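Below is one structure, written out as C-alpha cells; comments come after it.
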Amino acid sequence: MNFDFPDEVKAMQIQADDYLTQTNARAAARHVIEGAPSAARRDWAEMAQMGWTGLIIPEHLGGNDIGYIAQCALAYELGRHVSPAPMASSIYLVAEALVRYGSDAQKQKWLPALAEGRISACFAEAEGLSQGRGDLCAAQVANGVLSGVKKPVPDGMDAELALVVAQEDGETGLYLVELQASGVTRQVVQTIEGIREHAAITFDKAEVDLLVRGQTALTDIKQRAAVCIAFEQVGGAQACLDMAVAFAKERFAFGRAIGSFQAIKHKLADMFVAIELARSNAYFAAWALSTDARELPVAAATARLSAGKAYWLAAKENVQTHGGLGFTWELDCHLYYRRHKALKLLLGGNRVWENRLIDGLKSGLVEL
Amino acid sequence: MNFDFPDEVKAMQIQADDYLTQTNARAAARHVIEGAPSAARRDWAEMAQMGWTGLIIPEHLGGNDIGYIAQCALAYELGRHVSPAPMASSIYLVAEALVRYGSDAQKQKWLPALAEGRISACFAEAEGLSQGRGDLCAAQVANGVLSGVKKPVPDGMDAELALVVAQEDGETGLYLVELQASGVTRQVVQTIEGIREHAAITFDKAEVDLLVRGQTALTDIKQRAAVCIAFEQVGGAQACLDMAVAFAKERFAFGRAIGSFQAIKHKLADMFVAIELARSNAYFAAWALSTDARELPVAAATARLSAGKAYWLAAKENVQTHGGLGFTWELDCHLYYRRHKALKLLLGGNRVWENRLIDGLKSGLVEL
Amino acid sequence: MDFRDTPEGAEYRKKARAFLEQHAQLEPPDSGRGYRDGNDDPAALERAREWQRIKADAGYAGITWPREYAGQGGTTLEQIIYEQEEAQFDIPRGNFFYIGLGWAMPTLFQWSNKEEILKHAGKVLRGDEIWCQLFSEPAGGSDLAALRTKAVRDGDDWIINGQKIWTSGGQYSDFGILVARNDTTQAKHKGLTCFILDMKSPGVEVRPIRQMSGDSHFNEVFFDNVRIPDSRRLGEVGDGWKVAMTTLMNERYNLVELVPPDFEQIFHLAQNTVLESGPALDDPAIREKLADLYCRAQGMTYTNFRTMSALSQGKTPGPEVSIGKLVNSGRLQESADLGSDLFEQSGMLMEEDMPMRALFQRAYLYSPGWRLGGGTDEILRNTIAERVLGLPQDVRLDKGVAFKDIPTGPTGN
Amino acid sequence: MDFRDTPEGAEYRKKARAFLEQHAQLEPPDSGRGYRDGNDDPAALERAREWQRIKADAGYAGITWPREYAGQGGTTLEQIIYEQEEAQFDIPRGNFFYIGLGWAMPTLFQWSNKEEILKHAGKVLRGDEIWCQLFSEPAGGSDLAALRTKAVRDGDDWIINGQKIWTSGGQYSDFGILVARNDTTQAKHKGLTCFILDMKSPGVEVRPIRQMSGDSHFNEVFFDNVRIPDSRRLGEVGDGWKVAMTTLMNERYNLVELVPPDFEQIFHLAQNTVLESGPALDDPAIREKLADLYCRAQGMTYTNFRTMSALSQGKTPGPEVSIGKLVNSGRLQESADLGSDLFEQSGMLMEEDMPMRALFQRAYLYSPGWRLGGGTDEILRNTIAERVLGLPQDVRLDKGVAFKDIPTGPTGN
C-alpha cells in the first residue's frame with residue numbers, strides 16, 4: 001500500500017510551493033480583487049513553462065502527460081496560495097473535456113495552445129438566476145450558431161476559448177466557442193470571490209464547434225474537475241489553519257498566547273480533524289480519477305463535500321481566530337473566505353453532490 | 001406586557017417543585033426503570049389531590065379549571081424532576097381530547113375519574129415499525145369493535161382507559177376503549193426510556209366508543225399536547241444544565257475546578273443559550289394554547305423543535321461533563337438522556353413538526 | 001400571561017407609529033437593505049441629520065434622557081417600543097448618532113457636570129454634534145483593558161500619545177470619550193483614566209480601516225502629543241476602567257440590534273426560488289434549515305418579550321438578555337451562507353439585479369464582523385459561563401501584575 | 001498512488017482470509033451486532049477462549065510479539081491486516097484477551113524480565129490467562145496522573161491501599177498492571193510506581209459498575225492492605241508514569257476500533273425504511289445527513305490507508321492518526337440518534353424484532369461512553385492542539401507542586 005503522492009510528485013509540489021511563494025500568489029490574488037488582473041496573465045505563461053498546464057495533455061499535443069496525481073498535488077498548492085491563475089477553467093475543465101471528447105482536429109487546434117499557456121479558456125454553464133435548476137438551460141444552438149447569456153463565467157474576461165453548455169434540439173451539448181469571434185460580447189460581473197474575474201458573456205449567433213452531446217459527458221467532466229478542485233479546497237483550508245495557528249501562538253491576550261485558551265485550541269483542533277478527513281477523501285478521489293475507477297462518481301462527490309465542509313469551517317474560523325484584524329482587508333483571511341464560496345458553488349452546490357453520492361451508493365458503485 | 005407566568009402560577013410551581021423534591025420523583029423514575037413501577041401509582045393519587053390532574057377540566061366535572069398556563073408550569077417541573085407520572089398520557093392527551101371533543105356523557109363518565117386520579121389513561125397511536133408513516137394505520141374499527149396492535153403505548157400497562165387512533169371506513173378516528181374489558185391484552189415492551197412503562201396492546205374485537213372522527217382532531221390534540229411536552233423538555237434540559245454546572249464547580253482536575261476550563265464553560269454556555277431560546281418559544285406556545293390563537297400550529301411546532309434541540313444538547317453534554325461518572329447507572333444523567341428520546345419521538349419526530357411549521361408559515365398563520 | 005403592551009405602552013406605541021406613518025413609508029421585506037446600507041453615500045449624513053431633527057422635535061430623541069438635559073425622561077421600555085416601530089420603516093439609516101445618544105451622553109450624565117453636559121446635550125439630540133468611542137487598541141482585542149495609549153500629566157493638561165482602532169464614525173466625530181493609561185506600574189485595570197477629547201485637537205489623525213467586505217465603517221485614530229485639559233477628565237485619575245464600563249454595559253445592550261437578513265428575508269427567498277425538484281420551500285433539507293433558523297429567530301423575539309416584561313414591571317431583566325448577540329450573529333452568518341447557496345453557481349453574483357440586491361451575498365461578507373465586534377463569540381460564552389452560570393474564572397496570569405510586566409508576546413513569556 | 005497491499009501484505013491477507021473462511025462465516029450487514037454483544041453470556045468466555053486457541057495454533061495471536069516470547073515476530077501492518085479481515089467474520093466476540101495481548105504483555109516486554117514474561121506469555125496467547133489494567137481512579141478522570149492509591153514499602157513487599165475504577169474484565173482477570181503512588185511529596189507525575197498484581201491476592205475486591213445502558217462491562221477494584229512482592233515491580237520506584245505511558249500509547253492506538261453501527265448499517269436502515277413521502281433514502285434531509293456520515297466514515301477509512309502506507313514503508317504514521325477516536329465516537333452517537341429517529345414513535349422500541357435487533361437503540365445508550373473512555377473528546381482536542389498543532393499548554397496550576405498540595409475541591413482552592 002502506498003496511499004500517498006509519489007516522491008516525484010512531492011518534489012514537483014515543493015517546486016510549486018516555492019514558485020507560488022516567490023511570485024507571491026496571494027499578492028497576485030489581491031491585485032485581481034483590487035481591479036488589476038494583469039499579473040495573473042504573466043504568471044499563467046510562467047506556469048505553462050514549468051509544465052503545469054500540460055500535466056494531462058499528451059506529449060504529441062504539447063503536454064507532458066505526467067498525469068492526474070500530479071495535477072491534484074499542484075491543485076493543492078494553487079488552493080493553498082489562493083492563486084488567481086485560470087487553471088480550473090482552462091485545464092481541469094476545458095483541456096479535460098478536449099482530451100476526453102475532442103476530435104483530433106479539435107485537440108490539435110486547442111490543446112497545444114493551452115499546454116503552452118498561449119491561451120486560456122473558460123467554462124460557461126451558469127445562466128444567472130435560473131441556475132439553481134440543472135434542467136433549465138436557455139442557451140440555444142441552431143444551425144451552428146449559439147445565442148444566450150452565460151453568467152457568472154469564471155476567468156471569462158481573459159479567455160480566448162469558451163466551452164459552453166447549450167441546448168440543441170432539446171439535448172444538452174458542450175460547444176467550443178472562440179471568444180474573439182463576432183457575436184460575442186463580455187462584461188465583468190461582480191462576485192463574492194473577486195479573486196478571479198467573472199464575466200457575463202452574451203452570445204448572439206456566435207459560431208460554435210460541437211465537442212460532445214449529452215448530459216453524461218457534462219456530468220463526467222464536472223466530476224473529474226471536482227476532484228482537482230477538492231484539492232484546491234483542502235489546500236485553502238490548510239492555509240487557513242496554518243495562518244490561524246501561527247497567529248494564535250504569537251498573539252497575546254490576558255498575559256498569555258491566545259492559543260493556550262481551549263476555545264481557540266479546540267476550534268483549531270476541529271479544523272485539523274475536518275481537513276485530514278477531507279485530505280484522505282481527496283486522495284481516494286485522486287486515485288479514482290487517475291485510474292478511471294468505477295468508484296469515481298461517489299469518490300468525487302465525497303471528496304468535494306468533505307473538502308467544502310472543511311474549507312468553510314477553516315475559512316470562517318480563521319477570521320474569527322484573528323479577531324478584529326481578521327476582518328480587515330489588509331490581512332489575507334478574506335481571500336480564503338471569498339474563495340471558499342466560489343469553489344463551493346462552482347460546479348454546483350452541496351445538494352447536487354449529495355444526490356450524486358447517495359445515488360451512486362444506491363446503484364452499488366462502491367462496496368460498503 | 002407580562003410575558004411571564006402569573007404570580008399564582010409561580011406559587012403553584014414552587015409547591016410542585018417542593019412536592020417532587022420531597023417525594024423524590026427522580027427516585028420514583030428509578031424504581032420504574034428498575035422494574036418496580038408501583039410508586040408512580042401512589043404519587044398519581046397525591047398529585048390528583050393537589051389538583052394537578054384537573055387544571056384543564058371544568059369544575060362541574062371534578063376539575064379546577066385553572067388553565068393551560070398552570071398546566072405548562074407544572075409540566076416544566078415534572079420534566080425537571082423526570083417524573084414517571086402518566087400526566088402526558090392521561091391529561092395532556094386524553095383529558096384534553098375529552099374536554100374538546102367528548103359528548104356530555106363521555107365527559108361525565110371519564111373526566112371526574114381522571115381529575116380525581118382514580119384512573120389513568122393512555123394514548124395509543126403508534127403501531128410498531130409502520131409508524132414512520134402517518135398515512136398507515138392498521139387498527140380497524142367495524143361494527144363498534146376494534147382490532148389491531150398498538151405499540152409502544154406509554155403508560156399503557158396501568159391505564160384503565162385508552163384513546164386509540166384507528167380507521168373506520170377509510171377514515172381516521174379517535175376511540176375510547178376500556179382496557180379491562182374483554183378483547184384487550186397487554187404486554188410490557190422494552191424501550192429506550194424505561195421511566196414510563198410502555199405496552200403493546202392487542203385489541204381483538206374490543207368494544208369502542210367513538211370520540212371524534214377526522215385527521216384534524218388528531219392533529220389538534222397532538223399539537224396541544226406538544227406545548228405541554230415542550231415545557232417538560234425545557235424542564236429536563238434545565239435540570240441537566242443545573243447538574244452539569246454544579247458538578248463542574250465541585251469536580252477538580254489538574255488542580256482546578258473543571259468549570260474553569262473553557263471547553264466546559266463554553267459547552268455549558270451553549271446549553272444555557274439553547275434552553276433560553278426554547279423557554280421563550282415555549283412561553284409563546286403556552287400563550288397560544290391558552291388563548292386558542294391562530295398561531296398555535298406554528299407556535300407548537302416551534303416550541304417543540306426548539307425544546308427537543310435544547311434537551312438533546314443538554315442531555316448528552318451533561319453526561320459528557322460528568323465524565324465516566326456520567327456514564328454510570330448510579331448517577332441520574334441517564335434518566336434525562338433516556339427521557340429526551342422518549343419526548344422527542346412521542347407525537348412524532350422532527351420531520352413531522354418541521355413540515356407543520358413551514359406549512360403554517362406558508363399559509364400565513366403568523367406574521368413574519 | 002400576555003405579551004401585549006400595557007395600556008401606557010400601547011398608547012406610546014400608537015403615538016410613535018402615527019408619527020412614523022406621517023413621516024415615512026413601511027419597508028417591504030424584499031428591500032434588500034443590508035448593514036449600513038447607504039452609509040457610504042456622501043449625502044447620507046445630511047439625510048440622517050434631517051431625520052434626527054424631525055425625531056428630536058417630535059420627542060423621539062433622547063427618550064430615556066433626564067428632562068433636565070433636554071431628554072424625555074421616559075423609560076427604557078418606551079425607547080424599545082419606539083425602536084421596534086422605527087425598524088419597520090424606511091427611514092434614513094446610518095447610525096451616525098447612536099454613540100452620542102446611547103453611550104457618550106449617558107456616560108457624561110454619570111461622570112461629568114451639568115455645565116459640560118448642557119454644552120453638548122442639545123446638539124447631540126438634534127444630530128448637530130457627533131461622538132465616538134476611543135477604547136479599542138490594536139494590542140487589546142478581547143483583552144479590552146490591555147490598552148497602551150499613554151496619558152501623561154503636564155500642568156493643567158494631559159498629553160496623549162498612542163493609537164486607537166475600530167473607531168466607528170471617527171472621521172466625522174466632533175468629540176470622543178477616550179480611555180488612556182496614566183500609570184503602567186499599576187495592575188491592568190488600574191492606572192487608566194477617561195477623558196472627553198475634542199477630535200479637532202492638534203495631533204489627532206483619523207485614518208479609515210478597510211474591512212474584508214471592502215467597505216470602511218471604522219477608523220484608526222492616532223494621537224501625537226495631543227493635549228486635553230484636566231477639566232475634561234471623566235471620573236478620578238485611575239478610575240478609567242469604571243467609567244469605561246458604564247459605557248460598555250450600554251454597548252452590550254445596544255448591539256442586540258438585528259442586522260439583515262433576518263428570517264423574513266430568507267423565508268421570502270426560499271419561497272421565491274425554484275429548484276429542479278420544485279419550490280425550494282418544499283425541499284425537506286431546506287425546510288429543516290429554515291425551521292431551525294425560525295426557532296432561533298422566534299426564540300430571540302420572545303426572549304426580548306421577557307426582557308420587556310421585566311422592564312415594564314420595573315424589574316431588572318434576567319440573564320436571558322446575555323444571549324442576544326451570540327444567537328444573532330451566528331444565525332446571520334448561517335442565513336447569509338444558506339441564502340447565497342440557494343442559487344448554486346449564480347449564488348456568487350453580487351449584481352444589483354440579484355434578489356434583494358444581493359443582500360445575502362453582501363451579508364456573507366459582513367457577517368464575520370458581527371461575531372467579533374462588541375465581544376467575540378468566545379468572550380460572550382465566557383461571560384455567560386461566569387456571570388450567569390457562576391462558573392469559576394479561568395486562571396489569570398495578568399491578575400495583580402503591574403501592567404508593564406504582563407507578557408505581550410512569545411519572547412516575553 | 002495505490003492503496004492495494006504490497007505483494008507481501010496481499011499474501012498475508014490471503015492466508016488470513018483462508019484461515020478465517022475455514023473457521024467462520026461472514027457477518028451480514030443486518031446482523032445487528034452491537035458493542036460487546038454476547039459478552040454478558042456466561043458461556044461467552046469459554047467460546048472466546050476456544051477461538052483464541054484456534055487463532056494461537058494458526059499463528060494469528062501475538063502477531064507482533066517477539067518470537068522469543070512465543071509471538072510471530074510480525075509487523076503492525078500484518079496485525080492490522082488480520083484485524084481488518086477478522087472484523088468481517090462472525091466469530092466469538094468478547095474482548096476478554098485484548099488487554100493482555102495488546103497492552104499488558106507489550107509493557108512487560110519493555111519493563112520486565114525474561115523469566116517473568118515467559119511465565120505468562122504462552123498462557124496469554126491461548127486465552128488461559130487474562131489481564132486487566134489498574135490505572136483510572138474515581139478522583140482522576142481526565143487528570144489520569146491524579147491517582148491516590150498508595151503503595152507503601154514494607155520489607156520486601158509493598159502494601160497497597162486504595163481504589164481503581166473502570167477496570168475492564170476485572171472480575172475474571174488473573175493479573176493486572178497497577179500504578180500506585182509511593183510518594184505524595186513529589187510532583188504529580190513523579191512518585192508513582194508500577195506493579196504486576198496477582199488479582200487473587202488477599203485484600204483485592206472486585207465490584208461491577210453498572211453503566212447507563214444497564215450493562216456492566218467495567219468494575220471498581222478495592223485494595224485493602226494488599227501485598228505485592230518488590231520482585232513484581234515494573235521499572236524503578238518513581239518511574240510509574242513512564243511505565244504506564246508505554247501501555248497507554250498502545251491503548252490510544254487500539255481504541256480506534258469501530259463500534260457498530262457504522263455507515264453500512266445506517267445506510268441499510270435508510271434503504272429499508274419507507275416514510276410518508278417515500279423511501280427514507282430519497283428524502284433530501286436524510287440524504288444530507290447520510291452524505292455527511294459517509295464523508296466521515298470514508299475519511300476515516302482512507303486516513304487509515306494513509307497510516308497503513310506509512311507503516312508498510314517502515315515510516316512513523318503522521319499526525320492524522322490522532323483523529324480516529326474523536327471522529328468515530330462522534331459519528332457513532334449521531335448515527336445512533338438518527339437511526340432511532342427514523343421510526344418516529346416506534347423508534348423507542350428495544351425489542352428483538354426491531355431492525356438489526358434494535359442496534360440503533362442500544363447504540364443510543366452505549367455511545368456516550370465512547371466519547372469518554374480512552375480520552376474524552378475534550379482531552380483529545382487538547383492533545384491534537386498541543387502535540388500536532390504545537391499550540392502552547394494551558395496554564396497549569398499543578399505543575400511542580402507536591403501532589404499532596406494540589407487543590408482537589410472548592411474548599412481547598
Side-chain angles (χ1 to χ4, degrees), chain B residues 1-6 9 68-69 72 241 244-245 248-249 255-262 264-274 276-287 290-291 298-299 301-303 305-307 309 350-351 353-359 361-362 366 368, chain C residues 1-6 9 29 77 262-265 267-268 270-271 281-282 284 286-288 290-292 294-313 318-320 322-323 326-327 377-378 380-386 388-395:
Chain B
M1 176 170 289
N2 189 2
F3 195 62
D4 194 1
F5 292 146
V9 168
Y68 288 100
I69 299 292
C72 288
L241 175 58
V245 166
K249 286 179 187 170
R256 48 197 271 211
I258 63 166
S260 71
F261 288 102
Q262 283 185 337
I264 299 294
K265 279 171 128 150
H266 290 196
K267 187 193 288 299
L268 301 185
D270 286 341
M271 279 194 217
F272 175 79
V273 170
E276 290 311 309
L277 290 175
R279 189 192 311 278
S280 298
N281 284 324
Y283 275 22
F284 184 75
W287 168 82
S290 69
T291 58
V298 170
T302 305
L305 288 168
S306 174
K309 189 175 171 184
N350 285 359
R351 194 174 53 245
W353 296 90
E354 281 157 14
N355 284 333
R356 203 163 288 169
L357 195 165
I358 302 294
D359 289 338
L361 295 180
K362 268 173 83 169
V366 298
L368 282 182
Chain C
M1 188 158 207
D2 191 350
F3 56 86
R4 284 169 304 195
D5 293 320
T6 55
L77 195 64
D262 200 349
F263 182 78
E264 189 180 6
Q265 282 75 37
F267 185 80
H268 189 88
Q271 204 165 23
L281 199 51
D282 290 345
I286 291 172
R287 286 192 156 210
E288 186 172 42
L290 288 179
D292 186 48
Y294 184 75
C295 286
R296 281 184 277 163
Q298 293 312 103
M300 276 315 304
T301 300
Y302 306 137
T303 298
N304 291 339
F305 283 4
R306 289 164 62 198
T307 305
M308 287 175 70
S309 294
L311 291 172
S312 62
Q313 291 163 44
E320 70 277 359
S322 59
I323 71 175
L326 186 59
V327 173
D377 286 2
E378 291 74 22
L380 294 173
R381 287 198 182 92
N382 258 2
T383 305
I384 291 171
E386 293 175 13
V388 178
L389 304 178
L391 291 167
Q393 264 205 339
D394 205 335
V395 177

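Keep in mind that this is a model prediction, so the values were computed, not measured. By convention in this document, chain letters (A, B, ...) are assigned in the order of the sequence lines, proteins followed by strands, and residues within each chain are numbered from 1.
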Carboxylate-amine/guanidinium proximity below 4.0 Å for C:R306 and B:D4:
no

Please check this pair: side chain of B:K265 against backbone of C:P392, looking for a donor-acceptor N/O pair closer than 3.5 Å.
yes

C:P319 versus chain B, the contacting section by heavy-atom distance below 4.5 Å
both

Under 4.5 Å from a heavy atom of chain B, the part of C:D282 involved:
side chain

C:Y302 and B:Y283 aromatic centres sub-6.0 Å
no

Sort B:V366 into side chain, backbone, both or neither according to what part of it lies under 4.5 angstrom from a heavy atom of chain C.
side chain

Donor-acceptor contact below 3.5 Å, side chain B:S306 vs main chain B:A303
no

B:K362, B:H266, B:E354, B:K249: which one forms the most heavy-atom pairs within less than 4.5 Å of chain C?
B:H266

Look up atom CD1 in B:I258 and atom CG in B:L268, then write down how far apart they are to the nearest 0.5 Å.
8.0 Å

Could you tell me whether B:E276 and B:R279 make a salt bridge, using a distance below 4.0 angstrom between a side-chain N and a carboxylate O?
yes

Heavy-atom closest pair, residues C:L389 and B:F272:
CD2-CD1, 4.0 Å

Between chain B and each of C:L326, C:V395, C:D262, count heavy-atom pairs under 4.5 Å; write down the option with the most.
C:V395

C:F305 versus chain B, the contacting section by heavy-atom distance below 4.5 Å
both

Of the listed residues (C:T303, C:T301, C:T6), which shares the most heavy-atom pairs with chain B below a 4.5 Å separation?
C:T303

CG/C:L290 to CG/C:L281 distance, rounded to the nearest 0.5 angstrom?
6.5 Å

Note: vs chain B, highest number of non-hydrogen pairs under 4.5 angstrom among C:E378, C:M308, C:H268 is C:E378

To the nearest 0.5 Å, what is the distance between CG (B:N350) and NZ (B:K309)?
10.0 Å

With a 4.5 angstrom heavy-atom cut-off, is it the side chain or the backbone of C:L77 that approaches chain B, or both, or neither?
neither

Heavy-atom proximity to chain B below 4.5 Å, by part of C:D377:
neither

For each of C:Q298, C:E264, C:E288, C:R287, tally heavy-atom pairs with chain B at distances under 4.5 Å, and name the one with the top tally.
C:R287

Side chain, backbone, both or neither: which part of B:L241 has a non-hydrogen atom closer than 4.5 Å to chain C?
side chain

How many angstroms lie between atom CG of C:L311 and atom CG of C:N304, to the nearest 0.5 angstrom?
10.5 Å

Residue B:L357 versus chain C: region with a heavy atom under 4.5 Å
side chain

Chain C contact via B:N355 - which portion, at a heavy-atom distance below 4.5 Å:
both

Looking only at heavy atoms and a cut-off of under 4.5 Å, which of B:A248, B:A269, B:P6 has the most pairs with chain C?
B:A269

